[in-house]
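Quick note: numbers below take in every heavy atom, side chains included, and nothing from hydrogens, waters or symmetry partners.
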Amino acid sequence: MAIDSAAPSTALITSDIVMFGLIAATLGLIFWLASGPTPFWKKFFTWVPALLLCYFVPAFYNTVGLIDGEHNSLYNPVASRVLLPAALVLLTLSIDLKGILKLGPRLLFVFVAGTVGLVLGAIVSFQIMEWVHPPAVAGDTWKGMAALAGSWVGGGANMVAMREVYQVDATLFGQFAVVDVAMASALMATLLFLANRSAQIDARSGADTRAIDEMKAKMAAFEAANARIPTLTDLMVIIGVAFGIVGVAHAIATPLAAWFAANVENAAQYSLDSAFVWVILIATGAGLSLSFTRARNLESAGASRLGTVLLYFLIACIGMQMDFTKLFDRLELLAIGAIWMVVHVLVIWGAARLVKAPMFYIGVGSMGNVGAAASAPVIAAAFHPTLAPVGVLLGTVGYATGTVIAYFVGQILRVMAGQ
């Protein structure tokens, strides 16, 4: 959703530069405390992942009015349009594509189960609320749910596409945007927490983690054999490659999206008219292509670590958009979102148990749907930095299918609403 930079703000801090400094300082403090300078903080971060605080502390800033998480340029364009694609380049240039493919059909099965769970969740939540509290799903609520389905199966571009397809009222769209952020935030927080305990969970459930373990071991061995202290030249080359590709991606994406919008009849259904989708696809494709070249040696100088730094800043910028007080404007819509998300979780958890998939498959399969390319690599990296590209690949699949599936969900909900 476009940000109106001219809208008035009552936040204490309105300067984007000051906000940038605050977020950077906050991330630095969190990670310094996570290093365990005192026994208290060492024990604290044993239970609370640093990644979780990187998300919720900026959300707290926004909620209490210290910053304005909506009317600023840190998330869009800085984090989402610049840092995210740069991170994707750095995280994918060292990818072992053959190793990822060895993760096999179980990962795809769990991911598809997550999509099915979201479709079923829309239907089940609508029906339950119609029984329990009919006003919650009266009128055009189904249109807002169709837009939300676009976001959860695909991403923000798919949600906006559904808004245009079904002509969703601006107020209703905004309310479901709050539901989107609230439920996706809760899911991300839960997955980040579970990622820190995935080994214990997998051991108890008897999950088969051999494919993941082999991939992590191979990447660790590669890093150990080739790691070196980065020189200034190394760092400048890493920065040059990452942001150079980001620039090229944006240069190509805008006219490419415009061409598809003008010449391809169903471009909007597949989000091919979205420049952001093309930026993500181009950045990911470029990183994957570099993984077959000598550029992969940049990993030895810390390419993926720098990419992870950019991802953490993205997490903080996503979190700073959250306002806890707005969650109570329409509680019935939150109930719809909660039921919807529970169904999704139950289906994907059941599918994972059926094929003895590890917790990583659940996390990346779920967020690959709900969070798409912006959040899926974050969750994947929480399990292990080398697994971030898996999240990227699944997230882009969501972008490609989100609009079509959401349109299908909207048609079902329209019938259920009697319209």
Side-chain angles (χ1 to χ4, degrees), residues 1-27 30 51-88 151-152 154-160 173-174 176-189 192 242-243 246 249-250 253 274-277 279-280 283 307-324 326 367 370-379 381 391-392 395 399:
M1 188 161 52
I3 294 176
D4 179 10
S5 58
S9 174
T10 59
L12 181 63
I13 298 174
T14 58
S15 168
D16 289 357
I17 297 175
V18 176
M19 272 189 275
F20 180 91
L22 175 63
I23 294 301
T26 299
L27 292 176
I30 290 172
L51 204 56
L52 204 58
L53 291 186
C54 294
Y55 192 87
F56 279 117
V57 173
F60 172 76
Y61 292 160
N62 183 53
T63 301
V64 299
L66 179 62
I67 62 174
D68 187 340
E70 181 180 1
H71 302 106
N72 66 77
S73 59
L74 291 191
Y75 178 74
N76 184 9
V78 175
S80 64
R81 267 58 179 178
V82 179
L83 300 187
L84 172 60
L88 297 181
S151 178
W152 281 358
N158 306 92
M159 186 177 189
V160 174
F173 184 82
F176 270 100
V178 172
V179 176
D180 180 15
V181 173
M183 294 298 109
S185 299
L187 178 64
M188 176 177 275
L192 290 175
F243 290 104
V246 171
H250 278 277
S274 169
F276 178 64
V277 170
V279 168
I280 295 300
T308 304
V309 169
L310 301 181
L311 271 183
Y312 278 117
F313 191 85
L314 172 67
I315 294 169
C317 289
I318 294 174
M320 66 186 283
Q321 299 177 85
M322 184 69 182
D323 185 347
F324 298 116
K326 290 185 179 180
M367 195 52 67
V370 176
S375 302
V378 173
I379 293 299
V392 176
Y399 273 130

| Residue pair A87 / L311: nearest heavy atoms and the distance that separates them | CB-CG, 4.1 Å

| field | Nearest heavy atoms of M320 and M19, plus distance in Å | value | CE-SD, 3.9 Å

| For the side chain of D68 and the backbone of A11, is there at least one donor-acceptor N/O pair under 3.5 Å apart? | no

| Atom CG in L22, atom CD1 in I17: separation rounded to 0.5 Å? | 14.0 Å

| From S73 OG over to D16 CG, what is the distance, rounded to the nearest 0.5 angstrom? | 3.5 Å

| remark: Closest non-hydrogen contact found for S80 with P85 is O-CD, 3.4 Å

| remark: Taken to the nearest 0.5 Å, the spacing of F176 CZ from M183 CE works out to 11.5 Å

| query | Between atom CG of L83 and atom CG of L74, what is the distance when rounded to the nearest 0.5 Å? | reply | 9.5 Å

| task | Count the heavy atoms of every other residue, nucleotide or ligand shown that sit under 6.0 Å from CZ of F243, and state whether that count exceeds 12. | result | yes

| message | Rounded at 0.5 Å granularity, tell me how far CG in N72 sits from CD in Q321. | response | 7.5 Å

| request: Measure across I67 and N62 and return the closest heavy-atom pair with its distance rounded to 0.1 Å. | output: O-OD1, 3.4 Å

| field | T26: partners by side-chain hydrogen bond (donor to acceptor under 3.5 Å, both in side chains), with sequence neighbours left out | value | Y61

| field | Heavy-atom pair with the smallest gap, counting every atom of A86 and V246 | value | N-CG2, 3.4 Å

| field | Distance, nearest 0.5 Å, that separates CG of L84 from CZ of F276 | value | 5.5 Å

| query | Within a radius of less than 6.0 Å around CZ of F60, do more than 12 heavy atoms belonging to other residues, nucleotides or ligands occur? | reply | no

| said: Show the nearest heavy-atom pair for residues A316 and P58, with the distance to one decimal. | reply: O-CB, 3.4 Å

| query | Can you list the residues that meet the side chain to side chain contact (heavy atoms under 4.5 Å, CB included) rule with Y312, with sequence neighbours excluded? | reply | F31, L51, C54, T308, I315

